Participant: 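The structure under discussion is supplied below as structure tokens; questions concerning it will follow.
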Amino acid sequence: MFSGVGNTLLDTVAMDTIPSKWHGMYFGITSMLSNTFIGFSMFFTGLALEWFNPRLVGMFGGIMYIAFGSLFLMWSLKYSVDQEKVKLAQKAL
């Protein structure tokens, strides 16, 4: 549930910030990267389940999810949406 809400908020900010002529490229690249990482994650999880207990693999996955989410939150807090919008608008011209 929280991942879906987070993705919706991120997409909304991206659509508001990125010039409309770049929306297709941005969402295409993010979908490609997302699906690629999901595939790698599924493959390596399958390998890990051959050697480790499913609860341990799940705990490691949860810890990684929280860690990367925290890093993304700290990274995103240093940006101002209005300043980024101005920078992208200048590059688009």
Side-chain angles (χ1 to χ4, degrees):
M1 179 176 148
F2 293 109
S3 178
V5 172
N7 287 337
T8 302
L9 293 174
L10 180 63
D11 289 348
T12 302
V13 170
M15 285 189 289
D16 191 38
T17 306
I18 298 171
S20 61
K21 71 178 187 176
W22 292 347
H23 283 184
M25 181 182 65
Y26 170 78
F27 288 110
I29 289 172
T30 56
S31 292
M32 177 198 64
L33 290 173
S34 175
N35 290 330
T36 302
F37 284 118
I38 287 171
F40 281 132
S41 173
M42 291 170 63
F43 175 75
F44 287 115
T45 299
L47 286 178
L49 286 171
E50 291 292 323
W51 293 291
F52 300 108
N53 184 349
R55 288 182 185 233
L56 182 64
V57 174
M59 182 183 71
F60 180 72
I63 290 170
M64 294 298 290
Y65 190 82
I66 291 169
F68 284 119
S70 299
L71 288 172
F72 180 73
L73 177 64
M74 289 185 288
W75 174 75
S76 65
L77 288 176
K78 70 178 184 176
Y79 288 99
S80 166
V81 173
D82 293 330
Q83 290 175 354
E84 293 300 316
K85 189 186 290 188
V86 169
K87 287 180 193 176
L88 285 171
Q90 289 172 350
K91 286 182 182 179
L93 298 175

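This one's a predicted model, so the numbers in the text were calculated from it and none came from an experiment. Side chains are part of it too, since the values below use all heavy atoms of this structure and drop only hydrogens, waters and symmetry mates.
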Participant: Quick one: side chain to side chain contact (heavy atoms under 4.5 Å, CB included) partners of L71, sequence neighbours excluded?
Facilitator: F68, M74
Participant: Between S41 and F37, is there a donor-acceptor pair closer than 3.5 Å when you use the side chain of the first and the backbone of the second?
Facilitator: no
Participant: Checking D16 now: which residues fulfil side-chain hydrogen bond (donor to acceptor under 3.5 Å, both in side chains) with it, not counting sequence neighbours?
Facilitator: K85
Participant: If the condition is side chain to side chain contact (heavy atoms under 4.5 Å, CB included), which residues does F52 pass it with, not counting sequence neighbours?
Facilitator: A48, L56, V57
Participant: Check the hydrophobic clustering (I, L, V, M, F, W, Y; side-chain heavy atoms under 4.5 Å; chains of links allowed) and say if L49 and I63 are grouped together.
Facilitator: yes
Participant: State whether the side chain of T30 and the backbone N or O of Y26 hold a donor-acceptor pair below 3.5 Å, judged by distance alone.
Facilitator: yes
Participant: What distance do M25 atom CE and I29 atom CD1 have between them, rounded to the nearest 0.5 Å?
Facilitator: 5.0 Å
Participant: If hydrophobic clusters are built from ILVMFWY residues whose side chains come within less than 4.5 Å, do F72 and L77 share one?
Facilitator: no
Participant: Nearest 0.5 Å please: distance from the OG1 atom of T45 over to the CZ atom of F40.
Facilitator: 13.0 Å
Participant: Do you reckon W51 sits in the same ILVMFWY cluster as F44, going by side-chain contacts under 4.5 Å, direct or chained?
Facilitator: yes
Participant: Are L47 and M59 connected in the hydrophobic side-chain network, where two residues link if heavy atoms are under 4.5 Å apart?
Facilitator: yes
Participant: Measuring from atom CG of D11 to atom CD1 of I18, what distance do you get when rounded to the nearest 0.5 angstrom?
Facilitator: 9.5 Å
Participant: Can you classify the ring geometry of F27 versus H23 as parallel (below 30°), tilted (30 to 60°) or perpendicular (above 60°)?
Facilitator: perpendicular
